[in-house]
Amino acid sequence: MLVGVDFGAAHFDEELEELSLLVQTAGLTPCERVVVRRKLPDAALFIGKGKVEEIKALALGHGASEIVFDQALSPAQQRNLEREIGLPVYDRTFLILEIFAQRARSHEGKLQVELARLQYLSTRLVRRWSHLERQRGGIGGRGGPGETQIELDRRMIGDAIKRVRERLVKLKKQRRTQRSQRQRNQVFNISLVGYTNAGKSSLFNALVKARAYAADQLFATLDTTTRQLYLQEAGVSVSLSDTVGFIRDLPHGLVEAFQATLQEAVDADLLLHVVDAANPHFPEQIQEVMRVLAEIGADNIAQLLVFNKLDLLAPEQQPRAMHDSMEIDGRQIPRVFISAQTGLGLDGLRQALSHWWMQHHAQLGASAAADELDGPDEADPSEEASQAP
C-alpha cells in the first residue's frame, strides 16, 4: 500500500507514479494509493492519528502486507506506525536501498550498497526491537559486563562500516589510477548522467555497440561501464562512461557511498545529460540531476543535453529543430533530440560530439602554446627589494 504526504511541495507526485515504479522494481505489487495533506509532519506518527486508522482499515480491506511511504521516516515514526497499523512500514530510503541491493553486480557496487544499508540500519537500532534492550554480561560472554545487546549491535555495525569504507578506499585508489592513465594518454572523457530510466544505458549501447543491461525500469544500471567511442568526423576515440541514474530525494547515504562511481562524472570533460523527453515532469527531473551534480562537485563541467525517447512524443510535441539550446540556471546549454531505441538523431549527436572534441582540442592547443610563449615567471624587482636586508 502506497502512502504519499503532500506538504505543499512543488514537485509532489499526486498520483504516486514514481513510488509505484519503485515498488514494482523492488518486486512488489501496489494494491492501493493514499494521499495525505498536511502543513507539517507529526512528530510521532508523521501523519495524523485519524489517517493512521484510515490506512489501517484500507490495508486490511485490500489485504496489504506492507505499507510504503513516499518520504523518509524517522526511526521513531516508523516504529510507532508499525505498532498502530500492525504491518511492516517502510520509507522511500529503504525502498531505494533494497533496489540497489538487488541490482548491484560488481564487487564495488555491492560494497557501496552494503555501506549505505549499514549506515541506514545504524539509525534504526534505537528501541526498534525489544531484544536489543536485554543485557549480556559475565566472563566469556559476548560484550563487556552489563553491555546491552543494542550497544553490542551498534558496535558491530560500526566495525562493519569501518571495514567496508577501508575496502572502498582501496577501490577508489584503483579507479584514480585508471583515470590518471587515461589523462596521461590525453583521452577525452564523456560521462552519461541523467534521471533514472531516461535511457542512458540504451544510448550507451547504441553509441558503442555494447551490451550493457538496459530495461524500462528504475535503476537498471548501478555499475559504471566504460567503453571507447570512435568519432569518425574528428578521427579520434573518446572514453564514454555510463553511470548510475539519479532520482528525487536520493538518500544522502547513497550519494556518499557511490562517490567512487560518481567520480567518473566529476572527472569528465563533457557530460551527456540524458533527459526523458516523453516524461511530463522532465523539468523537475533536470533540476534534480543538476542538484546532485552540484552536490558531487560536477556542476561546472560542460554539458550537452540529450532529449531522448523522441519516438514516444506525439506529432504535435515533436521539436522544430533537432539541434537547439535550453536555458538552465541562467546559462544556455546546447541540446540535441534523439531516440536511442530507433536510432533517430544519433548521427547528429555523433557530429555534435565530434565538433565539441575539435573545439576542446583547439582550446587545449591554444592554452599550451600560450604557456610556452609566456615562459617561466620572472621575479618582481619590487618584491626582491622588499625582501632585501
Side-chain angles (χ1 to χ4, degrees), residues 1-7 9 11-36 46-47 55 58-59 62 64-74 77-78 81-82 85 87-105 109-110 112-114 116-117 119-121 124 193-202 213-223 243-255 257-258 261 274-276 278-282 284-289 291-292 309:
M1 185 169 168
L2 313 182
V3 181
V5 185
D6 183 5
F7 294 111
H11 63 259
F12 180 72
D13 185 2
E14 190 76 29
E15 302 298 323
L16 300 180
E17 287 296 335
E18 189 169 89
L19 183 64
S20 178
L21 282 173
L22 282 169
V23 163
Q24 291 174 59
T25 302
L28 304 173
T29 305
C31 63
E32 180 61 282
R33 307 180 191 195
V34 176
V35 173
V36 181
F46 197 68
I47 55 177
I55 289 170
L58 283 169
H62 287 277
S65 58
E66 293 164 311
I67 311 294
V68 182
F69 276 74
D70 196 25
Q71 288 84 8
L73 301 172
S74 72
Q77 289 167 340
Q78 185 177 357
L81 285 167
E82 288 182 344
I85 299 173
L87 289 172
V89 175
Y90 304 117
D91 61 7
R92 185 184 179 89
T93 303
F94 177 83
L95 192 59
I96 294 174
L97 285 171
E98 281 298 299
I99 295 169
F100 272 51
Q102 293 172 14
R103 292 286 156 79
R105 293 290 177 267
K110 289 176 181 177
Q112 290 167 334
V113 173
E114 184 182 352
R117 293 185 77 183
Q119 290 171 331
Y120 178 82
L121 180 61
R124 306 279 143 172
V193 297
Y195 207 79
T196 183
N197 204 33
K200 295 185 304 299
S201 295
S202 297
Y213 180 68
D216 185 17
Q217 55 189 204
L218 304 182
F219 300 117
T221 302
L222 289 186
D223 302 307
T243 60
V244 63
F246 303 150
I247 195 169
R248 175 176 58 84
D249 299 328
L250 185 67
H252 181 76
L254 277 179
V255 176
F258 274 76
T261 302
V274 185
V275 179
D276 181 356
N279 192 310
H281 303 293
F282 77 79
E284 290 89 350
Q285 294 182 350
I286 289 175
Q287 288 302 322
E288 186 60 31
V289 172
R291 187 191 66 78
V292 178
K309 304 189 182 181

> Centroid-to-centroid, Y90 to Y120, below 6.0 Å?
Replying inline: no
>> Once salt bridge (Lys or Arg N to Asp or Glu O under 4.0 Å) is applied, do any residues pair with E288, and if so which ones, sequence neighbours excluded?
In response: R291
>> Please evaluate residues V274 and V193 with respect to the criterion side chain to side chain contact (heavy atoms under 4.5 Å, CB included), reporting the C-alpha separation (whole Å), side-chain torsions for both, the decisive distance (0.1 Å), and the verdict.
In response: CA-CA 6 Å; V274 185; V193 297; over 6 Å; no
> So, do D70 and V5 sit near enough that their side-chain heavy atoms are less than 4.5 Å apart?
Replying inline: no
> Just by modelled atom types, is the R248 backbone N or O under 3.5 Å from a matching donor or acceptor in the R92 side chain?
Replying inline: yes
> Could you give the distance from CG (L22) to CD1 (I99), rounded to the nearest 0.5 Å?
Replying inline: 4.5 Å
>> Within the 4.5 Å heavy-atom criterion, are I67 and L81 side-chain neighbours or not?
In response: no
>> Between E98 and R117, does the side chain to side chain contact (heavy atoms under 4.5 Å, CB included) criterion hold? Intermediate values first, please.
In response: CA-CA 9 Å; E98 281 298 299; R117 293 185 77 183; 2.8 Å; yes
> In Å, rounded to the nearest 0.5 Å, how long is the span from CG of N197 to CG of L21?
Replying inline: 7.0 Å
> Do M1 and V68 have side-chain heavy atoms sitting under 4.5 Å apart?
Replying inline: no
>> I'd like to check the salt bridge (Lys or Arg N to Asp or Glu O under 4.0 Å) partners of D91; sequence neighbours left out, ordered by chain and number.
In response: R124
>> Checking D13 now: which residues fulfil salt bridge (Lys or Arg N to Asp or Glu O under 4.0 Å) with it, not counting sequence neighbours?
In response: none
> Should I55 and I85 be marked as a side chain to side chain contact (heavy atoms under 4.5 Å, CB included) after you check the CA-CA gap, both sets of side-chain angles, and the distance that decides it?
Replying inline: CA-CA 8 Å; I55 289 170; I85 299 173; 4.1 Å; yes
> If you look at every heavy atom in F282 and D276, which pair is closest and at what distance?
Replying inline: CB-O, 3.6 Å
> Ignoring hydrogens and geometry, is there a side-chain-to-backbone donor-acceptor pair from R33 to E15 under 3.5 Å?
Replying inline: yes
> Of the non-hydrogen atoms in A64 and C31, which two are nearest, and what is the gap between them?
Replying inline: CB-SG, 3.8 Å
>> Quiz question: by atom type and distance under 3.5 Å, do the side chains of Q78 and S74 form a donor-acceptor pair?
In response: no
>> Nearest 0.5 Å, please: how far is OG1 in T25 from CG in L95?
In response: 8.0 Å
>> Determine whether a donor-acceptor pair (N or O, by modelled atom type, separation under 3.5 Å) exists between the side chain of E32 and the backbone of L2.
In response: no
> Can any side-chain N or O of S20 pair as donor or acceptor with the backbone N or O of L16 at less than 3.5 Å?
Replying inline: no
>> Can you give me the closest heavy-atom contact between N279 and Q285, atom names plus distance?
In response: ND2-NE2, 3.1 Å
> Which atoms form the tightest heavy-atom contact between S65 and L87, and what is the distance?
Replying inline: O-CD2, 4.0 Å
> CD of Q119 to CD of E114: how many Å apart, nearest 0.5 Å?
Replying inline: 11.0 Å
> Looking only at heavy atoms, what is the nearest atom pair of E82 and V89, with distance?
Replying inline: OE2-N, 3.0 Å
> Rounded to the nearest 0.5 Å, how far does CD of Q71 lie from CZ of F7?
Replying inline: 6.0 Å
> If you measure from NZ on K200 to OH on Y195, what distance do you get to the nearest 0.5 Å?
Replying inline: 11.0 Å
> Do I47 and F69 touch side chain to side chain, with heavy atoms closer than 4.5 Å?
Replying inline: yes
> What closest approach, in Å, do P30 and Q24 show between heavy atoms, and which atom pair accounts for it?
Replying inline: CD-CG, 3.8 Å
